[in-house]
Amino acid sequence: MSENSNPESSNFIRNIIKDDIKNKKNKSLVHTRFPPEPNGYLHIGHAKSICLNFGIANDFNDGLCNLRFDDTNPIKEDLEFTKSIQQDVKWLGFEWGERLFYASDYFEQLFEFAKQMINDGKAYVDHLSAEEIREYRGTLTEPGKESPHRGRSVEENLSLFDRMRAGEFEEGECVLRGKIDMSSPNMNMRDPTIYRIKKATHHRTGNDWCIYPMYDYTHCISDALEGITHSLCTLEFEDHRPLYDWFLEKLSAPCHPQQIEFARLNLNYTVTSKRKLNELVKDGDVSGWDDPRMPTIVGMRRRGYTPESIRDFCHRIGVTKNDTAIDVSVLENSVREDLDNRAPRVMGILDPLKVVINNYPEGETEQLEAPNHPNDKEMGARKLSFSRIIYIEKNDFMEDPPKKFFRLAPGKEVRLRYAYFIICNEIIKDSSGNLVELHCSYDPDTKGGNAPDGRKVKGTIHWVSAEHAFKAEVRLYDRLFNDPKPDSNRHQKDWKDFLNRESKKIIKEAYLEPSLQSAKNEEFFQFERLGYFCVDNKDSEKGKPIFNRTVSLRDSWLKQKKEN
RNA sequence: UGGGGUGUAGCCAAGCGGUUAAGGCACAGGGUUUUGAUCCCUGCAUUCCCAGGUUCGAGUCCUGGCACCCCAGCCA
């Protein structure tokens, strides 16, 4: 929705594709794929790739985008991730139709291709140990040397490879390698491993196999088998492209997809490596992969980010080969913009201060009308109960306010939103001098919030009737790290030293508008003057919703205060 | 003197030899406002990592530097 309102931004990948279409390359077709390994939850970085791949397919000549699991390492992968990934991609708003694939679907073909390579003298079985292979590989500046088994005959290799498949060798005993060039300046070309032995149960193929193909070999062939035209991946695979091309060329693949690399997303004040996210979960720094502070899709969803806002964000950040870090303010701007348009307004008090309106009749309640969205009549209105005792936000009152303070103070008049003007007459404190409550008086003529005599009031504050308030738990979240680049290592500190220990604050009893009691999971609201909140989709119970703060409203008063 | 990449504002990013270097975020100022929100104006790179060169004309082409990122898994 928000994407259509933006002019399509150009990026180097789209430019390449436009050219390809113009030149009738691939018969002017566009077919991409999103190829996650099912070994973890998707995060905001994956969202960038998803939006890129599915977005491009969507925008060019009715292109297609496959969802393909790169499941070639049974030890790390799990069915659970396969499910969560599909759910996340769907939630983000993308569809793969009938085109859900698994690299493991191609194991048999991959095996046949490998035999072809052996037949063509392009691959051999090596009995060097892992450690020896590393030694033989050489270093970045020195060429490697050839394995003593490199010269084995086609027949011997074929037989050995069959025996590998048959399970006659132990893990680590031997591997199948491509025969390329041990002195290549590109490490990936120094006889890369194609198959290794893993006597592990695969989440889809069970115990059918004890040899598993490596990424470089599998990925390019999978792409070719699926008729992918543009294979988009991140920068660290740039060095792998010659190998990608080498395999496809040597195997006379049915087609030759073009690999194009782009920079992965880095976001300030967070980490986006699966390893680190895993560590946070494992060490209990967060409550799980779906902790609302996590940059995972499930976490962001629980926090209240909408699919629309995430797509908008991915659209805004662009696609380049620059190694960059995007400021979280861009992300926050995307949700604020989306939610500002769509979130119904409600009132809620997070840090209550009791206010007694002395001249309001005791025991009386009246219904006041409040629009659900000030700039969108279509969203309707609701009735608010008003009575003699209300709660306001503690920080909306100051006993001794600075000059520019527009809120309530002794002798000052403010407007209660959609209700009345009130003046603070008296401050009640307990014996130790703590503020307990305020005694105010209201002006009955200002019902609805306007004075017939035309007098103006500088501040409008939110409120909730004490007797009618719905008490609920509210969780305030803040950024997980204090440092913009926690993993940059530049202070010789561990990335975890930058964890923001105040990133989660629980308010057990906030006072909310009663209508909120029936709020459904993931329903979102703007708590006026506070921020955007959504119903926690995990810990809420029927009639007992818990509210997560997605993001606060911009607050120029807070900013001003901080500067002083 | 290993290879592969990248350098346009505080953060992203368009720009494909030819008007005054798009746009977003952030920031600053002003207006509207029953949210100190939203919205609306205005400002924000005499200059594109640096130095030379080609050209009537260079962010765009050439040469030489500099800085940063990635690669030595039987991970992806």
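Bear in mind the structure is a predicted one, so any value in this text is a computation, not a measurement. Every chain is numbered from 1 and lettered A, B, ... according to where its sequence line falls, protein lines coming before strand lines.
For the pair Arg68(A) and Phe101(A), the cation does not sit on the ring face, since its NZ or CZ is not both under 6.0 Å from the ring centre and inside 45° of the axis. For the pair Arg342(A) and Phe524(A), the cation does not sit on the ring face, since its NZ or CZ is not both under 6.0 Å from the ring centre and inside 45° of the axis.
Using a 4.0 Å heavy-atom cutoff across all strands shown, Phe262(A) reaches no nucleic acid atom at all. Within the 4.0 angstrom heavy-atom criterion, no nucleotide atom of any strand lies near Pro35(A). Across all strands shown, Leu553(A) has heavy atoms under 4.0 Å from base atoms, whether or not it also approaches the sugar-phosphate. Nucleic acid contact for Ala263(A): none, since no nucleic acid atom lies under 4.0 Å from a heavy atom of the residue.
For the residue pair Asn188(A)/Arg241(A), the side-chain donor-acceptor check at 3.5 Å is not satisfied. In the model, His462(A) has a side-chain atom that pairs as donor or acceptor with a side-chain atom of Arg529(A) under 3.5 Å.
Contact between the side-chain N/O atoms of Arg529(A) and the OP1/OP2 oxygens of G36(B) is found at a separation under 4.0 Å. Residue Thr320(A) places at least one side-chain N or O under 4.0 Å from the OP1 or OP2 atom of A13(B). Residue Arg336(A) places no side-chain N or O under 4.0 Å from the OP1 or OP2 atom of C25(B). For the pair Asn322(A) and C12(B), the criterion of a side-chain N or O lying under 4.0 Å from OP1 or OP2 is not met. In this model, the phosphate group of C25(B) is not approached by any side-chain N or O of Ser334(A) to a distance below 4.0 Å at OP1 or OP2.
Side-chain proximity of Lys404(A) to the nucleotides C12(B), G36(B), G15(B) is greatest for G36(B). Distance from the side chain of Lys559(A) is smallest to C27(B) among C27(B), G5(B), C25(B). Each of A76(B), G4(B), U38(B) was ranked by its minimum atom distance to the side chain of Asp70(A); first place goes to A76(B).
Pair check for G17(B) finds none; no Watson-Crick or G-U wobble contact set falls under 3.5 Å. Using Watson-Crick or G-U wobble geometry with both donor-acceptor distances under 3.5 Å, C68(B) finds its partner in G5(B). Shown here, U38(B) forms no base pair; nothing in the strands shown gives a Watson-Crick or G-U wobble contact with both key distances under 3.5 Å.
Straight-line distance between the C1' atoms of G31(B) and A37(B): roughly 16 Å, to the nearest whole Å. The P atoms of G4(B) and G10(B) are separated by 32 Å, rounded to the nearest whole Å.
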Problem set entry | Where protein sits on nucleotides 69-75 of chain B, one letter per nucleotide: B base, S sugar-phosphate only, - none, heavy atoms under 4.0 Å | SBBBSBB
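Residue Arg345(A) places a side-chain atom within donor-acceptor reach of the base of U35(B), judged by atom type and a 3.5 Å distance cut-off alone. Between the side chain of Glu337(A) and the base of U38(B) there is no donor-acceptor pair of N/O atoms closer than 3.5 Å.
Remark: aromatic rings of Phe527(A) and Tyr532(A) are distant, center separation not under 6.0 Å.
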Exercise. Under the side-chain contact (heavy atoms from CB on, under 4.5 Å) criterion, do Asp338(A) and Tyr305(A) qualify, and how do the steps go?
Worked result: CA-CA 9 Å; Asp338(A) 185 33; Tyr305(A) 279 87; over 6 Å; no
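When the options Asp126(A), Asp191(A), Leu128(A) are evaluated for a side-chain contact (heavy atoms from CB on, under 4.5 Å) with Tyr136(A), the one that passes is Leu128(A).
Here the P atom of nucleotide G2(B) and the CD atom of Glu238(A) are 19 Å apart, to the nearest Å.
Nearest heavy-atom pair across Glu77(A) and Asp70(A) is OE2-O, 3.5 Å.
G73(B) takes the syn form, because its glycosidic angle lies no more than 90° either side of 0.
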